[in-house]
**Student:** 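Please see the structure below; I have some questions.
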Protein chains: 2
Amino acid sequence: MGRKRTKSGKIRLAEVAELAGVSPITASRFFRNPEALSVAKRTRVESAARELGYVPNLAARALASQRTEVIGVLIPSLTNNVFSDVLRGIYDASEGSRYSIQLSNTRYSILQEEKLLRLFLAQKPAGLIVTGIDQTTESRAMLEAADCPIVQIMEIGPSPIDMMIGFSHYDAARAAIAHLFDQGRRRIGFVGARMDPRVQRRLDGYVAAMKDAGLFDQRLTVTTATPTSVTLGGALFADLLAREPDIDAVFCANDDLALGVLFECRRREIAVPEQIAIVGFNDLEFMASSVPTLTSVRTNRYEMGSTAAAMLIEAIEGKRPEQPVLDLGFTVIERQSSQMQRPAGPRPPEWSAAVQNDSVTNDP
Amino acid sequence: MGRKRTKSGKIRLAEVAELAGVSPITASRFFRNPEALSVAKRTRVESAARELGYVPNLAARALASQRTEVIGVLIPSLTNNVFSDVLRGIYDASEGSRYSIQLSNTRYSILQEEKLLRLFLAQKPAGLIVTGIDQTTESRAMLEAADCPIVQIMEIGPSPIDMMIGFSHYDAARAAIAHLFDQGRRRIGFVGARMDPRVQRRLDGYVAAMKDAGLFDQRLTVTTATPTSVTLGGALFADLLAREPDIDAVFCANDDLALGVLFECRRREIAVPEQIAIVGFNDLEFMASSVPTLTSVRTNRYEMGSTAAAMLIEAIEGKRPEQPVLDLGFTVIERQSSQMQRPAGPRPPEWSAAVQNDSVTNDP
DNA sequence: AGGATCGTTGACAGCGCTACCAGCAACGAC
DNA sequence: GTCGTTGCTGGTAGCGCTGTCAACGATCCT
C-alpha cells in the first residue's frame, strides 16, 4: 500500500488522518482544539487514533510550535521532607495534564538557581515554579523577561514576579512565640540550622516577638549554616543550654531540630514541658506521636505544591487567576511539649487528625 | 545582511557555522563528537558558539536524531525518605551530563507503573531507571523490547532485564535477626507497613531466620497495607503487644515504624533494650540520636541512585559495564536499642560516623 | 607506482508536526 | 442580489537539526 511508515514503525499523524479520511492538519487540530472540528470528523479522527494506537511525537510538536509542554521546577533540596510534600503536590496536580515536570535542585544556592534558570529558559518552558522570593537580580530579570507564567512558592512577599503562593514565615514564627508566651514561657531560645531565607525570616519573627515583649536576648539564639538534622538539633540545644541554663522554652526552626532537642532533653533528664517547652516548625507526621507529643506550626505543603501547579497550568492556558498571590496560612498545633500542664501518665498517640488540638489558626 | 534569524531572535546552528566559516553540519558535529573535527575548526566553532551565546534546540535535535536525551525514572513514592535519597543520587549523577531526568511516581502500583512506562517508552527515552523487580508481565515485555539501557534499582534478583543495582532485602532482614539472636533475643516480633515487594522480602527473611532457629510463630508478625508512619509504628506495636506480651524484640520493616515503636515503649514505660530490643531498617539519620539510639540496617541509598544513573549514562554512550548486576550490600548498625547491656546513664549523641559501631557488614 | 585506507568535510533530504493563510459552503443583513 | 460573517477544512512551507552518503586529499601498504 502507498501509506509510508517511519523507520521505527511508529504511527504518524498522517496515518491517522488517512484512516480518518481527513487532512493531516485537521487531525492535528483534533489533538489541540477538538471543539474546532465538526462532530463527525472529531469522532472519525478519535477512533482512527485509537485504532492505530497513535502517540504524538512531542519533539516534532515542540519544534513546529516553538514551545514545549514542560513545567520547570526549581527547589533547593531533594531530601528535605518539606519539599517532598510540595513536590508530590506538584506532580499530582500535573498528572493527567499535557504538561510534564522538569525538576532541578538548586541546593540552596541562588547562583546555582540562576544557572539552572538560564538552562530552563533556553528551552522555552510552558511555565516555571521557583522556590522563594530571594532570587539574584539577574535571575529576577530573566524571570521578568520570560514569556511564560511563573509561580513563586513557599512564602509570600511584597513584589511577586508573577504569581505567588505560600505563607508568612515571619508571622508563623510570631504565632509560635505568642503561643509560648500564653503558656507562661519567657526565656525562649531559638535553634536554627541551614539558615536559608525562610528560616531567617522565622528567626526575624522570633526576634520581633521577643523584642516586643521586652524579652529579646541575643544569647538565646543558636544558629548554624550546617544542613539541618535531628542530631544537630541536639547539639545546638546543648550549646544553648551551656550558655543559657535558665531557658524555659525552645523554638526550633524545623521539626527535625525539635526532635533532636527532645532527645537531648531526655538524655539530660530535663522534663518536657515542665522544665522546657519545645515548639517545632512544619508539623511533620512524627510530631504527633512522640513522647511527649510535640507542638509545631503546621504548613500546607502539599496544597502549596498542588495549587501552584494547578494555577500555573490555568495561567499557561490563558486563564490567569483573579488572585495571583495566595496566602495558604499556617496553624500552630498545640501539643504536650508546650502545654502549661503536662497531662499525667501515658496517653495514646493522636491517632486521627480529629484528636488534634488546632488553634491559633491563620487561614486567610 | 543575508543571515536570517528565527522569529524569536534565537541563534541557530547555521549562524554559528557561518561565523565560524564552516558548514552547518560541521558545526553540528562539534557538539556531538568534537574529536571528529580538526583542531582548527573545533576552536573556530567553539569560539563562534560562545560569542553568539548559542543554545542548541533540543526539540529539533530530538526530531532529527529520532532519540531524546531524557532519562526516565519510575519510583513508587515521592515522600518516602528512602526514595528522596536515591533521587538525590540520580540527580547529582546526571547533573553536568547532557541527559535530563524525567520523574514519575507509580504510587506503589504496578499497573500505574505499566501505564507510565508506556508513556515514557513512546517518547524514546535515552535510558530508564525503574524501581524493583516486580513489574507486570506486560511491563517486562515492553522493557525487554525497549531499545535503550535500563537499570532496575533498590534490590537485586535473579533475572535482570538489563542492569540492576541494589541489595538483598531478604539477606538484610536475616542479618538483622541474626544480630538479635546474638543479643540473646528469642521472641522477636515483626512490624511492617505498606508491604510493598521489598518489605515483603524483608518479612520473608525474618520468617526464614526465625524458622531456621525453630522460633517462628505466625502471631509474632503484624503487618498492614496502610502507608507507613511513625504513628502507625506505635499502633502496630500496640497490637503486637496485646497479642504477644512476652516478646523480647521487634524488627521493624523501616525506621519510621521503629521510632513509633520506641515512642510507644516510652508511653508504656517499657525499657528499651532491657525489656524489648528494637531494630529498624534503612538507618535514617535520626536513628543515631534518639534515646536510646536505635539499631538499624544501613542501606546505600544515595550510592544506589548515583551509581544507577552513572551506569545508565555509560551504557547509553555505548560503554556497558562489565558488571551489569551490582550488589551494594548493607550493614547492621548496632546501637543501644538492641544491645545486651544498655550503657548506663546519659550519653552524648553519636556525633560523627566514626563513633558508630559498624558490624555485620555485607559489602560484597 | 597504484590502490586502499583514513581523517575530515559538505550536500542533501528529511524527522513529524503546526503556523499561517486561503478556500469554501452556509447564513444573514442590507 | 451582493456583501460580509462565521465555521470548518486544507495546502504550503517551514521549525532547527542530524543521518546518510559522497567527495576529497593525505597517508599507508604492497
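In the text below, chain A, chain B and the rest are named by the order of the sequence lines, each starting its count at 1. For clarity, every value in this text was computed on a predicted model and none was experimentally measured.
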**Student:** Return a table of donor-acceptor pairs under 3.5 angstrom between the side chains of residues 110-117 of chain A and protein atoms on other chains or two or more places apart.
**Tutor:**
unit_1	atom_1	unit_2	atom_2	d
Glu114(A)	OE1	Thr136(A)	OG1	2.7
Glu114(A)	OE2	Arg118(A)	NH2	2.9

**Student:** Just the rounded figure in Å: distance from P of dT18(D) to NZ of Lys124(B).
**Tutor:** 16 Å
**Student:** Has Gln66(B) got a side-chain N or O lying under 4.0 Å from the OP1 or OP2 atom of dG16(C)?
**Tutor:** yes
**Student:** Within this structure, what is the CZ-to-P distance between Arg61(A) and dC17(D), rounded to whole angstrom?
**Tutor:** 21 Å
**Student:** Strictly under 3.5 Å: I want the nitrogen or oxygen pairs between protein and nucleotides 7-10 of chain C, one per line.
**Tutor:**
unit_1	atom_1	unit_2	atom_2	d
dT9(C)	OP1	Ser38(B)	OG	2.8
dT9(C)	OP2	Ser38(B)	N	3.1
dG10(C)	OP2	Ser23(B)	N	3.2
dG10(C)	OP2	Ser23(B)	OG	2.9
dG10(C)	OP2	Thr26(B)	OG1	2.4
dG10(C)	O5'	Ser23(B)	OG	3.4
dG10(C)	N7	Arg29(B)	NH2	2.8

**Student:** Return the angle between end axes of the helix from dA1(C)-dT30(D) to dC30(C)-dG1(D), with five pairs used per end and rounding to 10°.
**Tutor:** 30°
**Student:** Could you check how far CG of Leu52(B) sits from P of dG16(D), rounded to whole Å?
**Tutor:** 15 Å
**Student:** So, Arg107(B) and Asp92(A), do they make that salt bridge, N to O below 4.0 Å?
**Tutor:** yes
**Student:** For Val151(B), which of Ile71(B), Val73(B), Leu312(B), Ile90(B) qualifies under side chain to side chain contact (heavy atoms under 4.5 Å, CB included)?
**Tutor:** Leu312(B)
**Student:** Using a cut-off of strictly less than 4.0 Å, decide whether Arg67(B) has a side-chain nitrogen or oxygen near OP1 or OP2 of dG19(D).
**Tutor:** yes
**Student:** Tell me whether Arg320(B) is salt-bridged to Asp162(B), with the criterion being a basic N under 4.0 Å from an acidic carboxylate O.
**Tutor:** yes
**Student:** Is a side-chain donor or acceptor of Glu69(B) paired with a backbone partner of Pro125(B) at a separation under 3.5 angstrom?
**Tutor:** no
**Student:** Would you mind reading off the distance between Arg44(A) atom CZ and dT9(D) atom C1', rounded to a whole angstrom?
**Tutor:** 12 Å
**Student:** Relative to the 5' end of DNA chain C, which residue comes earlier, Phe31(A) or Ala60(B), by the nucleotide with the nearest heavy atom?
**Tutor:** Ala60(B)
**Student:** Whole angstroms only, please: what is the CZ-C1' distance between Arg12(A) and dT18(C)?
**Tutor:** 15 Å
**Student:** May I have the distance from Leu63(A) (atom CG) to dC15(D) (atom C1'), rounded to whole angstrom?
**Tutor:** 4 Å
**Student:** Would you indicate, yes or no, if dT18(D) has its OP1 or OP2 atom less than 4.0 angstrom from a side-chain nitrogen or oxygen of Ser28(B)?
**Tutor:** yes
**Student:** Is it true that Arg42(A) and Glu35(A) have a side-chain N and a carboxylate O under 4.0 angstrom from each other?
**Tutor:** no
**Student:** Look at the side-chain N and O atoms of Tyr54(B) and state whether any lies under 4.0 Å from the OP1 or OP2 oxygen of dG16(D).
**Tutor:** no
**Student:** Is there a donor-acceptor pair under 3.5 Å between the side chain of Gln135(A) and the backbone N or O of Gly132(A)?
**Tutor:** yes
**Student:** Using side-chain contact (heavy atoms from CB on, under 4.5 Å), reason through Leu128(A) and Leu121(A) one step at a time and then give a plain yes or no.
**Tutor:** CA-CA 9 Å; Leu128(A) 232 35; Leu121(A) 254 12; 3.6 Å; yes
**Student:** Rounded to the Å, how far apart are Leu13(A) CG and dT18(C) P?
**Tutor:** 6 Å
**Student:** Can you tell me the distance, in whole Å, between the CG atom of Asn33(A) and the P atom of dG7(D)?
**Tutor:** 12 Å
**Student:** Taking Ser47(B) for the side chain and Thr43(B) for the main chain, is one N or O donor matched with an acceptor at less than 3.5 Å?
**Tutor:** yes
**Student:** Distance check: side-chain N/O of Arg42(A) vs OP1/OP2 of dC8(D), anything under 4.0 Å?
**Tutor:** no
